[in-house]
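Would you mind keeping the following structure in view while I ask a few things?
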Amino acid sequence: MVAPTRVDYPQLEEGVQRWWDEHDILNRYLHRNDGSEKRWSFIDGPMTANNPMGVHHAWGRTYKDLWQRFNTMRGYRQRYQNGWDCQGLHVEVEVEKDLGFRNKHDIEAYGVGAFVEKCKERVLHFADVATHQSIRLGEWMDWSDSYYTMSNENNYTIWGFLKKCWQEGWIYKGHDVMPWCPRCGTGISDMEINEGRKKVTHTSVYVRFPLVGRLHEYLLVWTTTPWTLPANVAAAVNPALTYAKVEQDGNVYYLSSDVVPKLKKLRGREHGEAKVVATLPGSELLGWRYTGPYDELPAWNNTHTEHRVVAWDEVSAAEGTGIVHIAPGCGREDYGLAKEDDLAILAPVDENGVYVDGYDWLTGMQVADVARPIFDDLKEKRLFYQTESYEHVYPHCWRCKTELIFRLVEEWFIAMGSLDAPGDNPRKRLVRIVEDPAMTWIPGFGRERELDWLRNMEDWMISKKRYWGLALPIFVCPKCDAFEVIGSEDELRERAVAGWEEFAGHTPHRPWVDAVKIRCAACGEVASRIPDVGNPWLDAGIVPFSTLHYRHNRAYWRDWFPADFITESFPGQFRNWFYSLLVMAAVLEDTAPFKTVLGHATLIDEFGEEFHKSKGNSIPFDEAAAVVGADTMRWLYAGAAPEQNLRFPRIPTESEAAELRAVGQPPRLNEKWMEARAALDKLWNVYSFFVTYANIDDFDPTTRALPVSERTDLDRWVLSELQETMLMVEAGLVTFNAQRGAGAISAFVENLSNWYVRRSRRRFWKSEEDADKVAAYLTLYECLVTLAKLLAPFTPFLAESLYQNLVRSVDMAAPESVHLCDWPVADSALISPQLRDETALVLRLVNLGRAAREKAQIRVRQPLAVLYARVHTDAERESLTRLGEQVLEELNVKRLELLPLESDMLRYTLQPRMHVLGPKHGKLLPKVLAALRSGDMQAKARTLADTGRLPLDVEGQEVVLTPDEVEVEASAQEGYTATEERGYVVALDTTITPALLAEGLARDLTRLVQDVRKRAGLAVEDTIDTWLLTDAELAEVARTHSAYIKDETLTRELTVTALDANGQTGVSVPPAEGYTEVVPAAKLGGHEVVVTVRKR
RNA sequence: GGGCCUGUAGCUCAGUUGGCUAGAGCGCAGUCCUGAUAAGACUGAGGUCCCCCGUUCGAGCCGGGGCAGGCCCA
């Protein structure tokens, strides 16, 4: 067995990984439970294979691996399948960047087929990169069996899903207004829009709309996007706002009352004085007709409708005129309003932002170029009022910085239906599934979040006008406009009337699948697939079907569906993965796709910022692993509260780490990391301690045995704690609470290190090998081996290292790896509540004793004669007669005396127990308390102690209190060196006799020699000869206590030489080859001493 | 505007069904202990438990109303 005192985690992990690889441990782990009756189904949410993995991905992956490992050790058969998310715009964007493309034309010119192949290549590359990074994390998956959402099976299973939706009548073609880059010719998603907002100044314009039937009366409207005026169909007012009727230059304007002052500023030279002649509520304007600014255009004339004033609650007077120009084809809110109020919709521009036919002189012009011509045109038509510079934050394309426009596009949707509607629909199914308490959400608020989304979400827009993605299997007939959905590759082949040969042998992607034509079932015309690709969440949502062979092996699917467990980062997933999983399971089987979902919050950097590639603060996982180690990160993640954002501490830079490595040191981490890893470091210390002495003693645990019943209280206590820890870790993990599990392990390591090992050190370093020593070895060994197994799911590398060194080095019959071991099961017979309580009592008294020493300013090395203790119960007094020795040893006191009740060191106070008295006395309670607290407390305490009852006079009535209602608490009388806590009192006799003083000096001296030994570079077990040169007084002490000093310092021969009053020595001269230190007088109670040690 | 969550020590957070003098870790100051320890122990400084109102003998906790922050949806 070998264990350095300091551990270099990254180095250790590299070694363990190499060993795993050499011994094919992963494979044996994957097949360990092949024959098991029990199965546990985990489904991996696919990670985007578009970039290397950052440390923020490792949080969730730690959870995934942790529960798989835990359940493997518990004997559950599993699939261990990892997944990669492959299709979508984010991949296209990266490939476009790589190729230097700027827009869709570049892609078309390059060739869609070649471009799609590039996307595939990129995905395969980064799946490979992330696989290696995940292995570095210690994540154990069947890496040869990862699923890819771009696979044929995944895509065709979605086709089946879409066909089912279509058969139910839930697929439809709809329209939506979305942000659009006229240069790139593509829609911009909500995620993308957030990256491109910029502050800009536009020339806004005030326009007057002439009211029909009210001569010279106008609505005054305002817009920052003049190019949308030709698409105007309505004007919106807030019915709750007050509007003013203003007279100016012989005309009448309507606008929000709040804006009137602004009008005076605006009027400029062209307009005269404005006068408010009346006010009226917005509701009165509703339904008024007006003449639109571009009614002369054919596009408007084709609508066969009129412009009118409509109501919109969102209209405010904060900007503009309180009357909003509505162009439903050019604005999201406008479009929403149009649907509500059944307004006409004009879509004036094409995908390049150019006016389409029907807009007369505008047709063929770019939106970016029309502001000035439109102002001129309005002036000519006498509709122009004024322009105004307006600064605001406006969305831009995050790739090419072009200002976005809002544009009506045709998209495909899955209808969600309404909860109020009659009959069946997806929304009803989804809500029912998520409301079912059989589904567990951790943290619990997740369910409400998801339900909120499900109740309020719009229909699911599944189409995107791009290239790399699911080919939506929707075929539209050019003649009769009927559409149908093809549900599988077989169906496509059967229906194909053209292009099949061209497609055969390709993946179902653009452009190859586009070649296939079918015959319209309704009219017999040849129909083509729509060019759109699918929303990538379809790809991820189908996974519980596609990867479980839903189409071809229903028995297998039934075996693994639904998932027992999924875990992902909460933010976003409510409307992404969780949502798509739910929709697909609801549509296909009307059932839940998973039983338990664990969500975690966001990993943030040391400054509280989210990790983001574009911010430049992303930390590649393997870089961090090389410095802090994978186990350290895993421990940080496992110990974190999943519902709270987790701060990732700063890691040393490459150069800092390299500097230390150059001198053979592991990278030094900051306090935050040290704190996060404290339990692991502490465990390593204990382990290193054990190995040190086991080596010295040549201790072999396989050849020794000693029944637990024959071991000491201390041993049985720590074994009891160990069993309880096992129960707690298991209880935590079974309920998907890793924090609880990690916390239990940390707490145990703390107890093991700070009490068990601290109290047991002497048992290990004493020279004779008796039953007590064997007991100590066996007990500590048991603790360490069990900890290795408990830690295996959390920190697989460290656990393996401990296990190999502790177990495999002595027992070749044991499982070859800790990850092939069974999960340790607690032996409840070893749990002793009595020992737990007794040890807690000892610890309490020790702490009180240390505090008392602090108060008396007497260091622990100075022995004292008597410690007085006051405890509560007879049982506690009895315990102390057995365990008092531990208290005395720890506190360096000779004798323990229990204080009698009547001791004059104590005084008593009466503590009312509110939760008993409160319900009993209610409103009378304040008076009862007053009566209790008045008068002689000591006498009352005595009465209660003697008679078991305490009568009180409360407003002439007798109220009797009993011991379970009032607690008698002892505290120390003033003037004693005593400390107390909740009625436990510890007092010290601070008299230091000359004998005690000498003994204290001897201990100081011993400690000094130990320090010298250490600095001399001696090994722990080296025996030495020691020379001391000092004054007569200390020399005398050293001679008196020589046996003690020799024993403690492994000194065989101790030579003490006293200086006489003149500083002259006697005879003995220390050898020149020894190691000598002069210890100044200040360090040893005023005695200077020269210490020499020499290895024998 | 709607939903969910959060507000307690300098920082990060606990705080059980309402009950005595509100806790922990880190950090800070001091003392101690240590041949396992980059460890540990003790003491100290540090709080309007976001604010207001209510219920109650009693509110950090329950109810109402605000304020501030986060996430999501409009």
Side-chain angles (χ1 to χ4, degrees), chain A residues 3 5-7 190 313-314 332-333 336 443-453 455-458 570-575 601-602 608 640-641 643-647 666 668-669 671-678 681-693 746 749-750 753-755 757-758 760-761 764-765 843 846-855 857-862 890-892 909-929 966-967 969 979 982 1006-1007 1009-1015 1018-1022 1048-1050:
Chain A
T5 42
R6 274 174 66 178
V7 54
D190 289 339
D313 294 342
E314 298 294 309
R332 276 192 151 168
E333 293 81 4
F445 64 78
R447 187 198 308 276
E448 275 313 306
R449 277 270 183 98
E450 188 66 45
L451 281 171
D452 178 53
W453 164 254
R455 286 176 183 132
N456 299 308
M457 68 194 170
E458 306 281 315
F570 253 12
Q573 299 304 342
F574 293 104
R575 63 196 167 91
T602 306
E643 68 274 21
Q644 284 161 10
N645 287 349
L646 175 59
R647 214 172 268 245
R668 196 171 182 94
L669 304 177
E671 315 84 54
K672 292 270 185 332
W673 278 113
M674 294 311 295
E675 190 190 338
R677 199 170 65 190
D681 286 337
K682 220 174 279 185
L683 170 62
W684 187 271
N685 289 334
V686 172
Y687 163 71
S688 162
F689 171 85
F690 174 86
V691 170
T692 302
Y693 287 97
S746 292
V749 170
E750 187 95 23
S753 173
N754 288 350
W755 192 246
V757 172
R758 182 183 168 84
S760 298
R761 276 178 301 186
F764 289 94
W765 72 42
L843 283 170
V846 165
N847 280 346
L848 285 171
R850 281 200 267 252
R853 272 184 173 277
E854 164 91 12
K855 213 165 160 185
Q857 288 291 296
I858 300 173
R859 66 195 194 285
V860 174
R861 252 180 263 133
Q862 174 60 59
E890 191 65 22
L891 290 173
N892 197 16
T909 48
L910 294 168
Q911 291 294 345
R913 300 177 73 178
M914 302 304 288
H915 51 280
V916 182
L917 289 170
K920 188 168 171 183
H921 297 291
K923 287 189 187 200
L924 201 60
L925 188 62
K927 289 174 177 132
V928 175
L929 291 179
V966 182
E967 206 163 336
E969 280 213 351
T979 51
R982 302 202 175 267
T1006 304
R1007 165 100 188 92
V1009 176
Q1010 299 284 41
D1011 266 356
V1012 172
R1013 265 190 73 121
K1014 214 181 206 173
R1015 281 193 291 269
L1018 293 164
V1020 180
E1021 69 274 21
D1022 288 341
E1048 290 288 310
T1049 59
L1050 295 185

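Model, not experiment: these values are computed from the prediction. Chain letters run A, B, ... following the sequence lines, proteins first and then strands; every chain starts at 1.
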Can you tell me how far CD of A:Glu450 sits from CE of A:Met457, rounded to the nearest 0.5 angstrom?
8.5 Å
Distance check, C1' atoms only: B:U8 and B:G23, in whole angstrom units.
10 Å
Tell me: CG of A:Asn645 to C1' of B:U6, nearest whole Å?
11 Å
In whole angstroms, the gap separating P of B:U6 from CZ of A:Arg449 amounts to 10 Å
When you measure from the side-chain N and O atoms of A:Gln644 to the phosphate of B:G7, is any distance below 4.0 Å, counting only OP1 and OP2?
no
To the nearest Å, give me how far apart CZ (A:Phe574) and C1' (B:C4) are.
8 Å
Integer angstrom distance from the P of B:G1 to that of B:G46:
42 Å
Residue closer to the 5' end of RNA chain B, A:Leu669 versus A:Ala852 (nearest nucleotide)
A:Leu669
Using a 4.5 Å cut-off on heavy atoms from C-beta on, say whether the side chain of A:Thr1006 contacts that of A:Thr1049.
yes
Rounding to an integer number of angstrom, what distance separates B:A22 and B:U48 when you compare their C1' atoms?
14 Å
Span that lies between the C1' atom of B:C50 and that of B:C61, in whole angstrom:
15 Å
Distance-only donor-acceptor test, A:Arg850 side-chain atoms vs B:C42 base atoms, 3.5 Å
no
What interatomic distance, in whole Å, is found between C1' of B:G44 and the corresponding atom of B:A38?
25 Å
What interatomic distance, in whole Å, is found between P of B:G47 and the corresponding atom of B:A39?
29 Å
Which of B:G40, B:G70, B:A38 is nearest the side chain of A:Asn754? It is B:G40
Which listed nucleotide (B:C72, B:G3, B:C4) is nearest to the side chain of A:Asp452?
B:G3
Partner nucleotide, any strand, of B:C11 [Watson-Crick/G-U, under 3.5 Å]
B:G25
Might you work through the side chain to side chain contact (heavy atoms under 4.5 Å, CB included) test for A:Trp755 and A:Glu890, ending with a clear yes or no?
CA-CA 10 Å; A:Trp755 192 246; A:Glu890 191 65 22; 4.1 Å; yes
Let me confirm one number: the CZ-CG distance from A:Arg853 to A:Leu891, rounded to the nearest 0.5 Å.
6.5 Å
Nucleic acid footprint by protein, nucleotides 24-35 of chain B - heavy-atom cut-off 4.0 Å, B for base, S for sugar-phosphate alone
-SS---BBSSBB
Sub-4.5 Å side-chain heavy-atom contact between A:Arg449 and A:Phe570
no
Does a side-chain heavy-atom distance below 4.5 Å link A:Tyr693 with A:Val1020?
yes
A:Met674 atom CE is separated from B:U37 atom C1', nearest whole Å, by 10 Å
Whichever of A:Gly446 and A:Val846 has the more 5' nearest nucleotide on RNA chain B, that residue is A:Gly446
For B:C71, the nucleotide meeting Watson-Crick or G-U wobble distances (both under 3.5 Å) is B:G3
Work out how far the C1' atom of B:U17 is from that of B:G58, and round it to whole angstrom.
15 Å
Could you state the CG-C1' distance from A:Leu451 to B:G2, rounded to the nearest angstrom?
15 Å
Tell me which nucleotide, if any, is Watson-Crick or G-U wobble paired with B:A45 when both distances must be under 3.5 Å.
none
To the nearest angstrom, how far is A:Trp673 atom CH2 from B:A39 atom C1'?
20 Å
Suppose you measure atom C1' in B:C13 against the same atom in B:G27; what distance do you get, rounded to whole Å?
15 Å
Nearest to the side chain of A:Ser753, which nucleotide is it out of B:C13, B:U37, B:C73?
B:U37
Are the side chains of A:Asn892 and A:Gln862 in contact, using a 4.5 Å heavy-atom criterion?
no
On the 0 to 90° scale, with breaks at 30° and 60°, tag the A:Phe689-A:Phe764 ring pair as parallel, tilted or perpendicular.
perpendicular
Out of B:C71, B:C73, B:U43, minimum distance to the side chain of A:Ala851 belongs to B:U43
Taking CZ from A:Phe445 and C1' from B:C72, how many angstroms apart are they, rounded to a whole number?
11 Å
Can you measure A:Arg332 atom CZ to B:C73 atom C1' for me and round it to whole angstrom units?
12 Å
Contact class for A:Asn847 (heavy atom, under 4.0 Å): base, sugar-phosphate, or nothing?
sugar-phosphate
Listed partners of A:Arg1007 passing side chain to side chain contact (heavy atoms under 4.5 Å, CB included), at least two apart
A:Arg861, A:Asp1011
